[in-house]
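Okay, structure first, notes after.
Excluded from the calculations below are hydrogen atoms, water molecules and symmetry mates; all remaining heavy atoms, backbone and side chain alike, are included.
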Amino acid sequence: MRLLKLNWGKPIVLGVLMASLLTSCSSVDVSDYRGTNPPLVLESFFNGPLKASGIVENFSGKVIRRFNVAMEASWQGTEGTIKEWFVYDDGETQTRIWRIQSQGEGQYTGTADDIIGTAQGEASGSALRWRYDMLLPVDGDEYQVHFDDWMYLVNDNTIINQSDIIKWGVTVAKVTLVIQKR
């Protein structure tokens, strides 16, 4: 998957580093969303057919990719499976299958073939924070990056997902995705 088209050899602009340092001073915690409605429960929302559309922005905010995703999700007890079929604006396709485990009390773990180790998720109110490391192919090379995903349940049928893609402690790209029940 070529989610990003980056030139990793170019020096990072001082302004990007300064902005990263300033924003790292304050951070939002998932518990800040306690009591917000509707509550986001993965087992309820990610159950059945879903569709999504999204964009990828580089570190300067320029949209560098657009994509659509068909999803099929199901749960058996505390174990869920989310199958994702991506189609990018350049015709590239990708499939990912998440295996999710509910740990109870809004805690989740997950694995997929391109995820390094185990993803960690925590839901509170209408929000879920999902963090994981991924091997990301870029122009024939692979880079280990960190994803910091925030999902917000807007209504019973729509989630907005915002992700920071982080390398060397700096956000190098952002993904915005709107997920809807079909």
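Remark: R129 CZ to D32 CG distance equals 10.5 Å, nearest 0.5 Å. From L177, atom CG reaches atom CD1 of I159 across 9.5 Å, with rounding to the nearest 0.5 Å. Atom CD1 of residue I64 and atom CZ of residue F59 lie 10.0 Å apart, to the nearest 0.5 angstrom. Rounded to the nearest 0.5 Å, atoms OG (S126) and OH (Y33) are 8.0 Å apart. Here the straight-line distance linking atom CZ of R182 with atom CD of Q180 works out to 11.0 Å at 0.5 Å rounding.
By the salt bridge (Lys or Arg N to Asp or Glu O under 4.0 Å) test, D164 is found to be paired with K174, residues two or more places apart in sequence or in another chain being considered. Partners of S163 under the side chain to side chain contact (heavy atoms under 4.5 Å, CB included) rule, at least two apart in sequence or in another chain, are F147, D149, N161, V175. Remark: R131 engages no residue in a salt bridge (Lys or Arg N to Asp or Glu O under 4.0 Å) (not counting sequence neighbours). Remark: T95 pairs with no residue by the side-chain hydrogen bond (donor to acceptor under 3.5 Å, both in side chains) rule, at least two apart or across chains. A search for side-chain hydrogen bond (donor to acceptor under 3.5 Å, both in side chains) contacts involving N155 returns T158, not counting sequence neighbours. For E84, the salt bridge (Lys or Arg N to Asp or Glu O under 4.0 Å) partners two or more places apart in sequence, or in a different chain, are R96. Partners of D29 according to the salt bridge (Lys or Arg N to Asp or Glu O under 4.0 Å) rule, which considers only residues two or more places apart in sequence or in another chain, do not exist here.
I55 belongs to a hydrophobic cluster with V63, counting contacts under 4.5 Å between side-chain heavy atoms of Ile, Leu, Val, Met, Phe, Trp and Tyr, direct or through other members.
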(request) Could you please spell out the steps behind the side chain to side chain contact (heavy atoms under 4.5 Å, CB included) verdict for L40 and M151? (result) CA-CA 9 Å; L40 174 51; M151 296 182 192; 4.1 Å; yes
(request) Start with the C-alpha gap between R99 and D113, add the side-chain angles, then the distance that decides, and say whether side chain to side chain contact (heavy atoms under 4.5 Å, CB included) holds. (result) CA-CA 10 Å; R99 293 165 295 283; D113 289 343; 3.5 Å; yes
(message) Run the side chain to side chain contact (heavy atoms under 4.5 Å, CB included) test on L128 and Y152 for me, step by step, so that the C-alpha distance in whole Å, both residues' side-chain angles and the decisive distance to 0.1 Å come before the verdict.
(response) CA-CA 7 Å; L128 175 122; Y152 304 96; over 6 Å; no
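Under the 4.5 Å side-chain contact rule for hydrophobic residues, L50 and V41 share a cluster. The hydrophobic cluster containing V87 does not contain W85, counting ILVMFWY residues as joined when their side-chain heavy atoms lie under 4.5 angstrom apart, directly or transitively.
Remark: K181 qualifies as a cation-pi partner of F45 under the 6.0 Å distance and 45° angle criteria applied to the six-membered ring.
Heavy-atom minimum distance, S124 versus S31: OG-CA, 3.9 Å. Of all heavy-atom pairs between V56 and A173, the closest is CG1-CB, 4.5 Å. When all heavy atoms of N58 and S60 are compared, the pair lying nearest together is OD1-OG, 2.8 Å.
With H146 as the fixed residue, the side chain to side chain contact (heavy atoms under 4.5 Å, CB included) test singles out one of T171, I166, I165: I166.
The salt bridge (charged side-chain N to carboxylate O under 4.0 Å, His left out) contacts involving residues 36-56 comprise nothing, where partners must be two or more places apart or lie in separate chains. Pairs engaging residues 150-163 under the salt bridge (charged side-chain N to carboxylate O under 4.0 Å, His left out) rule: none recorded [sequence neighbours left out]. Residue pairs meeting the ring pair (Phe, Tyr, Trp, His ring centres under 6.0 Å) criterion with at least one partner in residues 93-116, sequence neighbours excluded, are W98-W130, W98-Y132.
T109 has its side chain within reach of Q103: a pair of non-hydrogen atoms, C-beta onward, lies under 4.5 Å apart. Under the 4.5 Å side-chain criterion, counting only non-hydrogen atoms from C-beta, V145 is not in contact with D133.
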Side-chain donor-acceptor pairs of residues 67-82 under 3.5 Å, sequence neighbours excluded:
residue	atom	partner	partner atom	Å
N68	OD1	S53	OG	2.6
W75	NE1	F46	O	2.9
T78	OG1	Q101	NE2	2.8

